[in-house]
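Notes to accompany the following structure.
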There are 2 protein chains.
Amino acid sequence: MKESEKSWEEWIEWIAQDYGLNLDRQDRETDKQKRILEAAMHIFSERGFEGASTSAIAHRAGVAEATIFKHYRSKKGLLLHLVIPAISKVATPYLLQPVVKILDQDKPLDELFHEFYANRVNLVEGNWKKVKIILVESLFQPELREALHNHVAKAFYEVASDRIERWKREGRVRDDLPTHVIARSILSIGIGYLLAKNKAFPGFLVQEEEEQELVWMADVILHGIAGPKEKGASSRD
Amino acid sequence: MKESEKSWEEWIEWIAQDYGLNLDRQDRETDKQKRILEAAMHIFSERGFEGASTSAIAHRAGVAEATIFKHYRSKKGLLLHLVIPAISKVATPYLLQPVVKILDQDKPLDELFHEFYANRVNLVEGNWKKVKIILVESLFQPELREALHNHVAKAFYEVASDRIERWKREGRVRDDLPTHVIARSILSIGIGYLLAKNKAFPGFLVQEEEEQELVWMADVILHGIAGPKEKGASSRD
DNA sequence: TAATTGAGTAAGTGATTACTTACTATCATC
DNA sequence: GATGATAGTAAGTAATCACTTACTCAATTA
């Protein structure tokens, strides 16, 4: 069976065997386990996976180093314990539902996109450290990349493309652009804002209050930036 | 003097002193020096800075480990030797010139943006490994982040905002959007395409030939994705 | 040609790494 | 009150880390 053909459940099971990932989220974690995960989140996100030492994590968590290995088997096991539940939450209908709910409202697209961006920006910023770990490490850890591609991205794209095609039929979205271009553009505007604000170049690429920026984002993605003199040039008219 | 008030030249000099960076690019590198830099580029980009060992780099370059330290003083010095010249090239008018040349042509913005995206996509893809190192490590190395922010980003933004404001006056670009929003949106569409194609989710976010994708990118940023039913909703009309 | 210089390296250095072993303390169950 | 089972850890382990020392050799300079 090829890697990419594994279902989410099969993939999780495979990881679980290799790294002792306990999937039963019900069985409550010890106080020390929680503190280890919290410490790991901070140190992984500050120094990256390779730059983080288990001794530093143990020290920050206030436990002996061996305790980490008792619970998580290996350093990589610790990383996956931290990150896989987060990914699996996103892949779950549970976290995809706000998106669906927002996209299915009977409102002008301006308002709808505004709400969508506000919701997703909020989600990412509320979990910035974990998001950073997942994004950076997915560049170096094939398992993570595979997971993001096959499950998170795919799930989102299915929801998105479904709506976009309906909007095309209803004349609310241009039907002369392929669906993937529209989906990518919507995402790009949001990601660009998050990068500019959080990491890259705050100060001159993000200057106003968030509420106002979100309105502009929705405006740009819907109507573009062309002025009256350039409007006729579109192939759609 | 605050970090951010250093000029590019002062900053380079400061780095040079700390890490023995030889700025005189004229004095030709040894064959072995070239091979070390080449090996470092591959291994840094594959494993990240912390994950890359100097012994692995030496092995790949076919030199003794000590040779690396003879030339670059420390592992971090090696990283900066690799990365600073690349950044400084971008900050230089020399590499900014293609952008200026493209943006100052007397053509419809559709064509202009198409050309701009083609040019920048080309540049990034031709130097993908270095770009990856710079982006990832700038998340963890403050010197790199500082350099990108104060010199590359600033330089680009100055060129961009100048043109955008002129276009506003000429009615070629909407004057009801702030300049930074326009600049950010243009960049976002480009970055989104690069991420989708190279790293994140090729396959369903990038499906067509590059030439065609570039046309769509220019189209979306100029005219948006709204269909006839939603067009009236804009605040600009 | 004697002296100097820079490229290059073999063989280390102590520190730190991820991970183990062998142990104690606590607590529920029979 | 003996029996496991689990949580936790002190004190290791071998391997690897970034970096140094002390040297050779070839080319240049005086």
Side-chain angles (χ1 to χ4, degrees), chain A residues 18-44 46-83 133 137 140-141 143, chain B residues 18-44 46-83 133 137 140-141 143:
Chain A
D18 264 27
Y19 297 98
L21 218 182
N22 190 345
L23 296 171
D24 196 353
R25 302 267 93 203
Q26 306 306 47
D27 78 33
R28 68 229 177 289
E29 292 155 332
T30 327
D31 176 57
K32 300 215 170 184
Q33 285 185 53
K34 276 184 215 149
R35 274 158 57 200
I36 290 171
L37 287 177
E38 233 250 355
M41 184 180 83
H42 282 96
I43 294 194
F44 280 148
E46 273 161 27
R47 311 191 197 169
F49 177 74
E50 296 285 354
S53 73
T54 50
S55 76
I57 294 170
H59 182 256
R60 174 163 188 152
V63 302
E65 210 178 331
T67 309
I68 292 176
F69 291 92
K70 181 125 247 167
H71 291 298
Y72 305 105
R73 300 245 277 261
S74 69
K75 190 182 166 188
K76 197 159 176 183
L78 175 58
L79 172 72
L80 295 178
H81 253 275
L82 193 65
V83 136
I133 295 171
E137 291 322 319
F140 301 110
Q141 319 265 1
E143 305 105 307
Chain B
D18 264 27
Y19 297 99
L21 218 181
N22 190 345
L23 295 172
D24 195 355
R25 302 266 92 205
Q26 306 306 46
D27 78 32
R28 68 228 176 292
E29 292 154 332
T30 327
D31 176 57
K32 298 215 169 182
Q33 285 185 52
K34 277 184 218 152
R35 273 160 55 201
I36 289 171
L37 288 176
E38 234 249 354
M41 183 181 84
H42 282 96
I43 294 195
F44 280 148
E46 273 162 24
R47 311 191 198 168
F49 177 74
E50 296 285 354
S53 73
T54 49
S55 76
I57 294 170
H59 182 256
R60 172 159 190 157
V63 303
E65 209 178 333
T67 309
I68 292 177
F69 291 91
K70 183 123 246 168
H71 291 298
Y72 304 104
R73 299 246 275 262
S74 68
K75 189 182 167 189
K76 197 160 175 183
L78 174 58
L79 172 71
L80 294 177
H81 253 278
L82 192 64
V83 137
I133 295 171
E137 290 323 318
F140 301 110
Q141 320 264 1
E143 304 105 307

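Chain letters run A, B, ... following the sequence lines, proteins first, then strands; residues in each count from 1. Computed from a predicted model, the values in this text were never measured in an experiment.
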Nucleotide N/O to protein N/O under 3.5 Å, stretch nucleotides 14-18 of chain C:
residue	atom	partner	partner atom	Å
C:dA18	OP1	A:Ala52	O	3.1
C:dA18	OP1	A:Lys75	NZ	3.0
C:dA18	OP2	A:Thr54	N	3.0
C:dA18	OP2	A:Thr54	OG1	2.9

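- Take B:Ser53 and apply the side-chain contact (heavy atoms from CB on, under 4.5 Å) test, not counting sequence neighbours, and it matches B:Ser55, B:Ala56.
- Not counting sequence neighbours, the partners of B:Thr54 by the side-chain contact (heavy atoms from CB on, under 4.5 Å) test are B:Glu65, B:Phe69, B:Lys75.
- The two residues A:Leu79 and A:Phe44 come nearest to each other via the heavy atoms CA-CE1, 3.9 Å.
- Qualifying salt bridge (Lys or Arg N to Asp or Glu O under 4.0 Å) partners for A:Glu38, counting only residues two or more places apart in sequence or in other chains: none.
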Between protein and nucleotides 5-8 of chain C, what N or O pairs are separated by less than 3.5 Å?
residue	atom	partner	partner atom	Å
C:dG8	OP2	B:His71	NE2	3.1
C:dG8	O3'	B:Lys32	NZ	3.3
C:dG8	O6	B:Lys70	NZ	2.9

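- Applying the salt bridge (Lys or Arg N to Asp or Glu O under 4.0 Å) criterion to A:Lys76, with sequence neighbours excluded, gives A:Glu143.
- Bending across the helix from C:dT1-D:dA30 to C:dC30-D:dG1, expressed as the angle between its end axes from five pairs apiece, amounts to 10° (10° rounding).
- Nearest heavy atom pair, residue A:Met41 against residue A:Ile133, reads O-CD1, 3.5 Å.
- Not a single donor-acceptor pair under 3.5 Å links the side chain of B:Gln33 to the backbone N or O of B:His71.
- Here B:Ala66 pairs with nothing under the side-chain contact (heavy atoms from CB on, under 4.5 Å) rule; sequence neighbours left out.
- As a whole-Å value, the separation of A:Tyr72 OH from C:dT20 C1' is 19 Å.
- Note on residues 48-63 of chain B: no pairs pass salt bridge (charged side-chain N to carboxylate O under 4.0 Å, His left out), not counting sequence neighbours.
- Checked against salt bridge (Lys or Arg N to Asp or Glu O under 4.0 Å), A:Lys70 has no partners two or more places apart in sequence or in another chain.
- Residues passing the ring pair (Phe, Tyr, Trp, His ring centres under 6.0 Å) test with B:Phe140: none are found, sequence neighbours excluded.
- When all heavy atoms of A:Ile57 and A:Leu78 are compared, the closest pair comes out as CD1-CD2, 4.0 Å.
- Counting 5' to 3', DNA chain D first comes under 4.0 angstrom of a heavy atom of chain B and last does so at the ends given by D:dC17 to D:dT20.
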